[in-house]
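One structure is given here, and the rest of the page talks about it.
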2 protein chains.
Amino acid sequence: MARPTRALLSRQIIARAAIQLVDDGHELQVVPLAERLGVSVSSLYHHVRGRVGIIHAMREVLSEEYRLAPVAHASWEDTVRTSVRTLWNLYGDHPRVLPLLLSVVIDEPATVNFYGVLVDALDSAGIPENEILSTVETLDAFAFGVALDSLSPNLIFDPGTEESRLGALARSHPVGQERNQLLFERGLDLLILGIRERARTAR
Amino acid sequence: MARPTRALLSRQIIARAAIQLVDDGHELQVVPLAERLGVSVSSLYHHVRGRVGIIHAMREVLSEEYRLAPVAHASWEDTVRTSVRTLWNLYGDHPRVLPLLLSVVIDEPATVNFYGVLVDALDSAGIPENEILSTVETLDAFAFGVALDSLSPNLIFDPGTEESRLGALARSHPVGQERNQLLFERGLDLLILGIRERARTAR
DNA sequence: ACCTGAACACCGTTCAAGT
DNA sequence: ACCTGAACACCGTTCAAGT
């Protein structure tokens, strides 16, 4: 069976399998990927330009998920909150993929109508026009940073500081998923407060 | 010359060369690393447990730089500002190394007396005790996210949105290093404002 | 056009040999 | 204890052959 009647592979099929592979905690390797797909390794090269091409395809698939996201709410605060939460979910659903995405140069125009919604919300919040994009980027960097933080599930602290205030706080601090969740909520609250204050003083 | 009178290598020497290699935009590969160090590849294995061991050593070296950082200022705001800036500098000086560090499990106690200073500052700012650590983590995630953002030097936006507000803003938005710098300053301002407000309403 | 198996280059790791 | 060169396993990529 050299050529099947119906194509077994596609750029998207490969990308989805690759995302799953990495999500499961494995390295992005061509041999295990081909195994999962039930094809020979060299078959992949008919659809993707090698390993780097696979990473590009992964990016494209994940970008698609962006497109579904943006919803404008009545208040700017609700819009900002749900947008940042969506970004965090998107990044956080595949934290192990993120380092891979950093390694490829982006050559496709990102689907940033998502950002358009955020821009409008920040505008109606009262953020000065020349600060809006930096604010959007701040929210993005925050969501990205929090997602990556989830890869190190515990707060690491020096045993030598056990007697200090830090040590005391650390002992009653949650770990893992719960810690990451809390960090997100706190950071989002602070950023919302900051945006509101910035708008007030700019008025 | 099988054994030199004085050791040519050390864990630290290897780590520093590796950081430089990655900073220069190269992959972390054993052969080029050995070349830079002027030794044979197998020599490395007398000091480090393979490639993963090299990454651990890189982490250790970079952690050392933490230790120098913490300085308590008169006002909580100055302390927070300089601390976050230091984190950002640390991460931002070696953005390409960061994805590597994410791939290893941390088995050394981090030198977090740095965080102790931040904890004290947030306490004197008036942040409720049970929110302090999450706030520290928020600041850390922000600095980390901004550093990684610097790897994608431009704001990517869909050419289709050229006529929109987003397109208009994007055209007058800086790129590269300057864009990243601006994003950091804006985000830090927002977070400071947010912390101040949180403390005010908690009082 | 799409899949395969074999061949190849490359990279990380090991180990016996040398001082 | 520390460095070397050779040998080895592994992984990404290419390509002629098959439908």
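Side chains are part of it too, since the values below use all heavy atoms of this structure and drop only hydrogens, waters and symmetry mates. Naming: A, B, ... by sequence-line order, numbering from 1 per chain.
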request  = Using a 3.5 Å limit on both pairing distances, list the dot-bracket string of DNA chain D from the 5' end; Watson-Crick and G-U wobble pairs count, crossing pairs take [ ], interstrand pairs take |.
outcome  = ||.|||||...|||||.||
Value in whole Å for how far the [atom2] atom of [N] lies from [atom1] of [X]:
{"X": "A:Leu21", "N": "D:dG12", "atom1": "CG", "atom2": "P", "result": "10 Å"}
{"X": "B:Glu27", "N": "D:dG12", "atom1": "CD", "atom2": "C1'", "result": "13 Å"}
{"X": "B:Leu44", "N": "C:dC15", "atom1": "CG", "atom2": "P", "result": "17 Å"}
{"X": "B:Ile14", "N": "C:dT13", "atom1": "CD1", "atom2": "P", "result": "12 Å"}
{"X": "A:Tyr45", "N": "C:dC3", "atom1": "OH", "atom2": "P", "result": "15 Å"}
{"X": "B:His47", "N": "C:dT13", "atom1": "NE2", "atom2": "C1'", "result": "16 Å"}
{"X": "A:Glu35", "N": "C:dC3", "atom1": "CD", "atom2": "P", "result": "17 Å"}
{"X": "B:Leu37", "N": "D:dC2", "atom1": "CG", "atom2": "P", "result": "16 Å"}

message = Side-chain N or O of B:Ser43 versus OP1/OP2 of D:dT4: is the shortest distance under 4.0 Å?
response =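 Affirmative; the distance criterion is met.
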query = Would you say A:Ser40 reaches C:dT4's phosphate, i.e. side-chain N/O to OP1/OP2 under 4.0 Å?
reply = yes
Which nucleotide sits closest to the side chain of [X]: [options]?
{"X": "B:Leu9", "options": "C:dT14, D:dC3, D:dT14", "value": "D:dC3"}
{"X": "B:Arg51", "options": "C:dT4, C:dT13, D:dG5", "value": "C:dT13"}
{"X": "B:Gln29", "options": "C:dT14, C:dC11, D:dC3", "value": "C:dC11"}

Donor-acceptor pair between A:Gln12 and A:His47 side chains, under 3.5 angstrom = no
task = Determine whether the side chains of B:His173 and B:Glu178 contain a donor N or O and an acceptor N or O closer than 3.5 Å.
result = no
ask   = Rounded to the nearest 0.5 Å, how far apart are CZ of B:Arg186 and CG of B:Leu190?
value = 5.5 Å
task = Taking the six-membered ring for Trp and the full ring for Phe, Tyr or His, determine whether the centres of A:Phe144 and A:Tyr91 are under 6.0 Å apart.
result =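 Centroid separation for A:Phe144 and A:Tyr91: below 6.0 Å.
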query = How about A:Glu77: does its CD atom have over 12 heavy atoms from other parts shown lying under 6.0 Å from it?
reply = yes
Considering all heavy atoms, the nearest B:Leu62-B:Leu90 contact =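 Minimum heavy-atom contact is O-CD1, 3.9 Å.
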query = Considering residues at least two apart in sequence or located in another chain, which fulfil the salt bridge (charged side-chain N to carboxylate O under 4.0 Å, His left out) criterion with B:Arg16?
reply =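 Applying salt bridge (charged side-chain N to carboxylate O under 4.0 Å, His left out) to B:Arg16 gives none.
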inquiry  = Mind checking if A:Leu28 touches a base, just sugar-phosphate, or nothing, with heavy atoms under 4.0 Å?
reply    =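 Sugar-phosphate contact only - A:Leu28 comes under 4.0 Å of backbone atoms but never of a base.
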query = More 5' along DNA chain D: A:His46 or A:Val30, using each one's nearest nucleotide?
reply =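 Final value for this comparison: A:Val30.
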